[in-house]
Amino acid sequence: MQLYNKLSAKERAALIDEAGTDRLTLSFYKYAHIGNTEIFRNHLFIHWDELDVLGRIYVANEGINGQLSVPAPNFEAFKKHLDSISFLENVRLNIAREQDIKSFLKLKVKIRKKIVADGLNDETFDVTNKGVHVDAEKFNQLIEDPDTVLVDMRNHYESEIGHFKGAVTPDVDTFRDSLDIIEEDLKDHKEDKKLVMYCTGGIRCEKASAYYKHKGFKNVFQLEGGIIEYARQVEEKGLENKYLGKNFVFDHRRSERISDDVISNCHQCGNPCDTHVNCENEACHLLFIQCEACATAMDNCCSTECKEINSLPYEEQKALRKGKGNSNKIFKKGRSEVLKYKQ
């Protein structure tokens, strides 16, 4: 019985091209109390592997967080399987606005301590005691209220390319960093202000809203379905779009455009640009914003040093990487000193 992915990304990409089938990129999450995470994880992998589902799914005792791609002809079967799981019946599925058949190239279902890393170790904190969910129309009304504080619960490299008008955008690298910062900044307004939060698809706000309620905030709201669902409702209902720029996504697409506004700059030349790339040098792989002109001039690299390394024969590059482990500390998410316009 196969319980793990056995194909490389390159092999899977070739199979996708050969199949020639449209695929749907989507995401969902659900906080719930899961007893035996290993049994649940294996159950998902077996069924979804048969349906050719690809993606990154985290399972923990506190619930499930899934970002995945499903062949369009298998979507109904996939949805039927979700509905067969009691706590996932009719779970909201955030369908991507911009589709790409290669948004994911492997099926990874992993067991984690938490479905969102938050750094919290408070046993009295109940993640299911969440704030008030609001749709796009109510959200638009709330953020016009002078008694509202609108907070972006995402990381700096996400909000840099897109955010709501007037939002507080914490300069943080991780979700766990933002929790204490926001609480400290708003500690004097736990009762007199409306705390309204948003994120990509809602999962971080769900945890944050419960956390801030636990910390004594009285009026806590979150955008239902996050930016993804907001954009769908704005288009469907003809509402005013108060979002500027792109929505960062965690797959091979990297982003979806929500408005025509370009609010960020190329990290190398400073010209308007909101295209995230990874440095072509595999030993670096830095995530940063790069325009087409700089991509051409720098051979898709973040620095002259990386450009020189990337021009070497593959075996020489491999030898240089030997013994050096990659981690998110290397990637720095656009904070590298080599980037002139990101300091």
Side-chain angles (χ1 to χ4, degrees), residues 27-32 55-67 92 94 108 110-133 139 149-164 167-187 195-217 220-230 243 245-251 254-256 276 287 327-335:
S27 60
F28 73 93
Y29 71 89
K30 187 70 174 182
Y31 284 100
R56 186 188 310 109
I57 298 92
Y58 295 146
V59 172
N61 292 122
E62 68 174 11
I64 180 172
N65 177 16
Q67 301 170 66
R92 186 191 62 253
N94 282 330
K108 297 180 180 180
K110 297 185 176 183
I111 296 174
R112 290 282 190 264
K113 288 184 178 180
K114 297 185 179 183
I115 56 175
V116 174
D118 54 25
L120 301 176
N121 295 300
D122 189 342
E123 296 298 329
T124 66
F125 165 50
D126 181 5
V127 73
T128 63
N129 183 25
K130 57 198 176 189
V132 178
H133 286 216
F139 179 83
V149 178
L150 177 62
V151 180
D152 191 322
M153 295 306 301
R154 302 172 303 156
N155 305 325
H156 75 90
Y157 57 91
E158 299 173 78
S159 61
E160 182 178 15
I161 62 170
H163 54 252
F164 281 101
V168 176
T169 56
D171 186 24
V172 296
D173 293 321
T174 66
F175 172 64
R176 66 172 66 90
D177 292 336
S178 65
L179 291 173
D180 291 339
I181 291 174
I182 293 168
E183 183 188 3
E184 176 62 25
D185 288 348
L186 301 179
K187 63 182 179 181
L195 175 57
V196 180
M197 296 172 289
Y198 69 89
C199 58
T200 307
I203 186 170
R204 284 175 279 188
C205 289
E206 189 109 344
K207 177 165 283 188
S209 70
Y211 176 74
Y212 290 129
K213 285 184 67 178
H214 175 67
K215 288 293 186 176
F217 286 84
V220 182
F221 302 85
Q222 69 177 89
L223 178 58
E224 170 75 18
I227 300 163
I228 298 173
E229 177 64 10
Y230 176 86
Y243 189 89
K246 284 182 172 181
N247 180 30
F248 187 96
V249 294
F250 293 88
D251 59 57
R254 295 195 183 95
S255 65
E256 296 180 321
H276 271 111
L287 179 71
S327 73
N328 283 334
K329 291 181 180 179
I330 294 176
F331 302 159
K332 295 181 183 176
K333 306 300 187 186
R335 293 190 187 277

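Computed from a predicted structure; not experimentally measured.
Side-chain contact between Tyr212 and Ile182 is present, with at least one heavy-atom pair separated by less than 4.5 Å. By the 4.5 Å heavy-atom criterion applied to side chains, Ser255 and His276 are not counted as neighbours.
Using modelled atom types, one side-chain atom of Asp152 and one backbone atom of Arg154 make a donor-acceptor pair closer than 3.5 Å. Formation of a donor-acceptor pair under 3.5 Å by the Tyr198 side chain with backbone atoms of Gly201 is not found in this model. In this structure a side-chain-to-backbone donor-acceptor pair under 3.5 Å is present from Lys213 to Lys130.
The CD atom of Gln222 sits 3.5 Å away from the NE2 atom of His133 when rounded to the nearest 0.5 Å. Arg92 contributes atom CZ, which lies 8.0 Å from atom OG of Ser27 (distance to the nearest 0.5 angstrom). From Asp118, atom CG reaches atom CZ of Phe175 across 6.5 Å, with rounding to the nearest 0.5 Å. With values rounded to the nearest 0.5 angstrom, Ile227 atom CD1 is found 11.5 Å from Phe248 atom CZ. A distance of 11.0 Å separates CG of Asn65 from CZ of Arg112, quoted to the nearest 0.5 Å. Rounding to the nearest 0.5 Å gives a distance of 9.0 Å between CG of Leu223 and CG of Leu150.
Side-chain rings of Tyr230 and Phe139 approach one another, their centers coming within less than 6.0 Å.
When the options Lys207, Met153, Glu184 are evaluated for a side chain to side chain contact (heavy atoms under 4.5 Å, CB included) with Leu179, the one that passes is Met153.
Tyr29 and Glu206 are linked by a side-chain donor-acceptor pair at a separation below 3.5 angstrom, with hydrogens and angles left out of the test.
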Evaluation steps, side chain to side chain contact (heavy atoms under 4.5 Å, CB included), between Thr169 and His156
CA-CA 7 Å; Thr169 56; His156 75 90; over 6 Å; no
Could you go through the side chain to side chain contact (heavy atoms under 4.5 Å, CB included) check for Phe250 and Glu158 one step at a time?
CA-CA 10 Å; Phe250 293 88; Glu158 299 173 78; 3.5 Å; yes
